[in-house]
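Read the structure below first, then the notes.
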There are 2 protein chains.
Amino acid sequence: MQLDNRKKEVLHAIVDDYVSTNEPVGSKSLIERHSFNVSSATLRNDMAELEHLGLIEKPHTSAGRIPSDKGYREYVNSLMTIEELTPREQLEIEKRINTSVDEVTELIKNATHTLSETTGFVSLAMSPRLKKSFLKQLKILMIEPGKALVVMVLSAGVVKDKVVRIPNFLNDEQIMKISGAIEKSLTGKPLDEITLVTVETAGKSTDVPEPLLKQVLYEAYAAIKQADELNIYLEGEHRMLSLPDFSSLGRARDLLGTLSDSGMVAGYVNEMENAARELGSDDSYMIRIGQEITLEGLDDCSFITATYNLTDSVSGNIGVIGPKRMLYSKVISQIDFVKKKLNEEMKKFT
Amino acid sequence: MQLDNRKKEVLHAIVDDYVSTNEPVGSKSLIERHSFNVSSATLRNDMAELEHLGLIEKPHTSAGRIPSDKGYREYVNSLMTIEELTPREQLEIEKRINTSVDEVTELIKNATHTLSETTGFVSLAMSPRLKKSFLKQLKILMIEPGKALVVMVLSAGVVKDKVVRIPNFLNDEQIMKISGAIEKSLTGKPLDEITLVTVETAGKSTDVPEPLLKQVLYEAYAAIKQADELNIYLEGEHRMLSLPDFSSLGRARDLLGTLSDSGMVAGYVNEMENAARELGSDDSYMIRIGQEITLEGLDDCSFITATYNLTDSVSGNIGVIGPKRMLYSKVISQIDFVKKKLNEEMKKFT
DNA sequence: GTTGGCACTCGGGAGGATAGAGTGCTAATC
DNA sequence: GATTAGCACTCTATCCTCCCGAGTGCCAAC
C-alpha cells in the first residue's frame, strides 16, 4: 500500500474520528478537529483517493466517509500505535484477576470476566489445549457397582475426571489393578500420543479377565480423550446491545444468535489459532476485522485474541469480540495485559 | 373474582387473541373471531367492566384492550385448560432428552437445551439442591505436594470434587488416614448436617499432628460445603430478540442484562421455590407474571418453573422465561412434560 | 340486559417541505 | 503539479400536516 504521509494521517484521523463519534466524517470536520495545514478541498482529493484504494467508503453520496474493513486493517497493521495502560487501569485489572482460586479453570473464567468488564465487549477464553500435556496420575475410583470415576492429573496442573460405566461384577481390587497398570505405563505420555491401542496394551499386564478388562480400558481411554476436549467461555453478550453499532435489532439478533452456538465460536477460534501458526506469525495477538470473520452475523465486529501459556507446550486463547468501530490500540493493550497477568498467575499452578 | 360466564369468556378470548396477534383486541374483532351471540356493544360493556376490575387495559384511548398482569393471572388460575402435547411433540422432546449421558449434570443441561428449543424462549434449570443428600464416599487424593483432590460421592448419584491446598509435608498415608476417618464418620449424613465441628470431630481419631490435620479438615469441610452450592443453567437468551415483545432495544437490553447475572436469577428462582413451599402450594408448576417478578427488566416476561426430583429429598427447578404474551397452556405442558421425562431419566442415576 | 347509532379520540402512516452536511468538479492560484 | 475557493448538486434526517380507520363511551330505544 503506497500512501504518502498526509494520506496516512487522513486515514488515521478518519478512523479515530469515526471510532469516537460513530458519524461518517467529512472533510470539513476533519479540518476542524485536526491540524492539517491544508484546506478541506485538498483533503477531499485525498479522501477520493483513499476511497479509490478501498480504504474508506461512503454510506451514501452526501455523507462523510467511514473506514472500510481494508481501512481498519491498514490502520491496525501500520498506523496505530499501541499505548500502555495507565497504572490505574493496570491496577484495576490486576485486582480482579488476583483473586485466589484453586483451579486453573476458575482463573480463566476470572480473566474472561475481567476482560469483558474492562473492554465493555464480549470476551471469550478457550480452555488450555491439553494435547501436549502428559499424564501424571490416573486413578479409577469405584462409585457404586457398575459406575466408576476416572480421575486424571495432568502435567499442566489440571485435574480432569469423568464418570464412566463399568461392568457390575468388577470389584475394587480389580479396578485398582487396572488403574495401576494404566498409570504405570502411560505416565509421562502426552495425551495426543495416547490411543486406544496404547491403553489396551497398558492393561495387558493385569490378570483381569478379558471382556471385563476391555470395557474398562475403553472407558479409561474415553475419559482421557475427553480430558483434552476444548471448552470455551463466553461472557458479556448482552453488552453488545448497548452499542450504537448494534442498534438495529436484526444485526443484534444475528450476532447473539451466532454467539449462542459456543461450539461454533470455539471452532472458529481454533481455526484462527491454526492459521496463525501456519503463517508462523509472531504477533502477540491475532485480529480479524469485519468480513474477514467467517462467522455469520459478525460482519460488523472485530475479533481479537491473544495466546496465553499454561506451560511451554500448553496454551489457550483469550480475547474479545467487539464492534469493528472500536479503539483498537486500547483494546489490544487491555487484552495483552490481561494475558500477561494470566500467564503470571498460571505459573503458580504448574 | 366474581365474573359471570360471558365475562370469563370475553377475558379468555382477549388473552387468546392478543397472544396470537400481538395487537390490542377490540370489541368488533372479538365478535368476528368468536361466536358470541351478542353484539359488539354488549361486549364493549363487558370490556369496560373487565377494565374496571383491572383485568384488561388500553394502551391508549382509541386502541383495543390488552390483558393486564392481573388479567393474565386470572386467565392462568381459572380460565385456561392445559392440553396435552400431541404424540409428535412428545416424541420430539423424548428424542432430545434420551441421549445417553453419564452424569446428572449433562442430563440437566440436555433438558434445558430441549426446553429452550421447544418453547423458543429462555430456559433455565437449577442444579439439584443437595443439602438433603448424604455422603456415600469421600476420598482425598494427593495430586502433588501441597495439593489434593477431594472427591465426594453423594447419595443422589452425584459426584463432586474440589482441588484444595494442603500442607506440603503431608504424605499419602496421612492423607489416606484422614480421608478414611472423615468418610467413616460422615457417611450417611445429609450435607446440611455437616458442619466444621462435625468434620473436626471426625478427624480426631487419626494420629496426624494437630495443625496439619486441622488445615486438611478445614479444606475437606470447604469441599463439602461447595458440593451443595447451587448452579444455574440458562440458555437461549438470544431468542428473546426475535420476539416482537422485545423489539424495543431498551427492553431487550434490560432483559438480557439482568439474565447475564446468573447468580441473581438463581437467587430469585430459589426465592420462588421457598415461597411456594411456605404456601404449601401443591401445583406442579410455579408461575410469576410481569410485575410479580421482582427482577429488573422482566416486567414484560413471565417466569414458569417446575420442580424435578432426583431423589425423594433432592430436587431442583427447571423452567422458562418468556414474554407475558405467551401461550401459557402450551408452555406449561411443555415444561411439565420435560420435567416428567427428566424425572424418569434421573431414576437411572440413583 | 341488550342493541344500534353516533360523536369523539388517538396513533400511525403518507406526503411534502426544508435544512444541513457533504460531495465532486472546475477554474484560479501558488 | 499540488492546492485552493467556489459552487451546484445530492441525499438523508427531521419536522409538519393531514387523514384514515379502528376503537371507544354513551345514549336512547328495544
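Every chain is numbered from 1, with letters handed out A, B, ... down the list of sequences.
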Could you go through Q291(A) and D299(A), starting from their C-alpha distance and side-chain angles, then the distance that decides it, and tell me whether this counts as side chain to side chain donor-acceptor pair (under 3.5 Å)? CA-CA 5 Å; Q291(A) 307 260 15; D299(A) 309 353; 4.9 Å; no
CA sep, side-chain torsions, deciding dist, call: R88(B), E92(B), salt bridge (charged side-chain N to carboxylate O under 4.0 Å, His left out): CA-CA 6 Å; R88(B) 188 203 202 91; E92(B) 188 60 32; over 6 Å; no
Intermediate values then yes/no, side-chain contact (heavy atoms from CB on, under 4.5 Å), S302(B) and Y328(B): CA-CA 9 Å; S302(B) 282; Y328(B) 288 92; 2.7 Å; yes
Determine, step by step, whether S284(A) and D336(A) satisfy the side chain to side chain donor-acceptor pair (under 3.5 Å) criterion, reporting the C-alpha distance in whole Å, the side-chain angles of both residues, the deciding distance to 0.1 Å, and the verdict. CA-CA 8 Å; S284(A) 71; D336(A) 207 60; 3.2 Å; yes
Could you check E235(B) against T112(B) for side chain to side chain donor-acceptor pair (under 3.5 Å), going step by step and ending with a plain yes or no? CA-CA 7 Å; E235(B) 184 159 333; T112(B) 315; 6.0 Å; no
Derivation of the side-chain contact (heavy atoms from CB on, under 4.5 Å) call for M286(B) and S281(B): CA-CA 9 Å; M286(B) 294 175 285; S281(B) 151; 5.5 Å; no
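Comparing dC10(C), dG20(C), dG25(D) by their nearest atom to the side chain of S62(A) picks out dG20(C).
Across the protein-nucleic acid pair, E57(B) atom CD and dG23(D) atom P stand 17 Å apart, rounded to whole Å. Residue E49(A) contributes atom CD, which lies 14 Å from atom C1' of dG1(D) at whole-angstrom precision. Following rounding to the nearest Å, I66(B) (CD1) and dT24(D) (P) show an atom-to-atom distance of 13 Å. In this entry the distance linking NE2 of H52(B) with P of dC26(D) reads 12 Å, nearest Å. If you measure from atom NE2 of H60(B) to atom C1' of dG21(D), you get 12 Å, rounded to the nearest angstrom. Nucleotide dA2(D) holds its P atom 8 Å from the NZ atom of K7(A), rounded to whole Å. One atom, CG of L50(A), and another, C1' of dG22(C), lie 16 Å apart when rounded to the nearest Å.
Of all the residues in residues 20-47 of chain B, N37(B), V38(B), S39(B), A41(B), T42(B), R44(B), N45(B) reach under 4.0 Å from DNA chain C with at least one non-hydrogen atom.
For T61(A) against dC11(D), no side-chain N or O and base N or O form a donor-acceptor pair under 3.5 Å.
With salt bridges taken as basic N to acidic carboxylate O contacts below 4.0 Å, none links R6(B) and E49(B).
A distance of 5.0 Å separates CZ of R253(A) from OG of S242(B), quoted to the nearest 0.5 Å.
The 12-atom threshold is not exceeded at NE2 of H52(B), counting heavy atoms of other residues, nucleotides or ligands nearer than 6.0 Å.
For K58(B) and dG25(D), the shortest distance from a side-chain N or O to OP1 or OP2 is below 4.0 Å. Residue R6(A) has no polar side-chain atom (N or O) positioned under 4.0 Å from OP1 or OP2 of dA2(D).
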Please list, for nucleotides 16-18 of chain D, all pairs of protein and nucleotide N/O atoms separated by less than 3.5 Å.
none

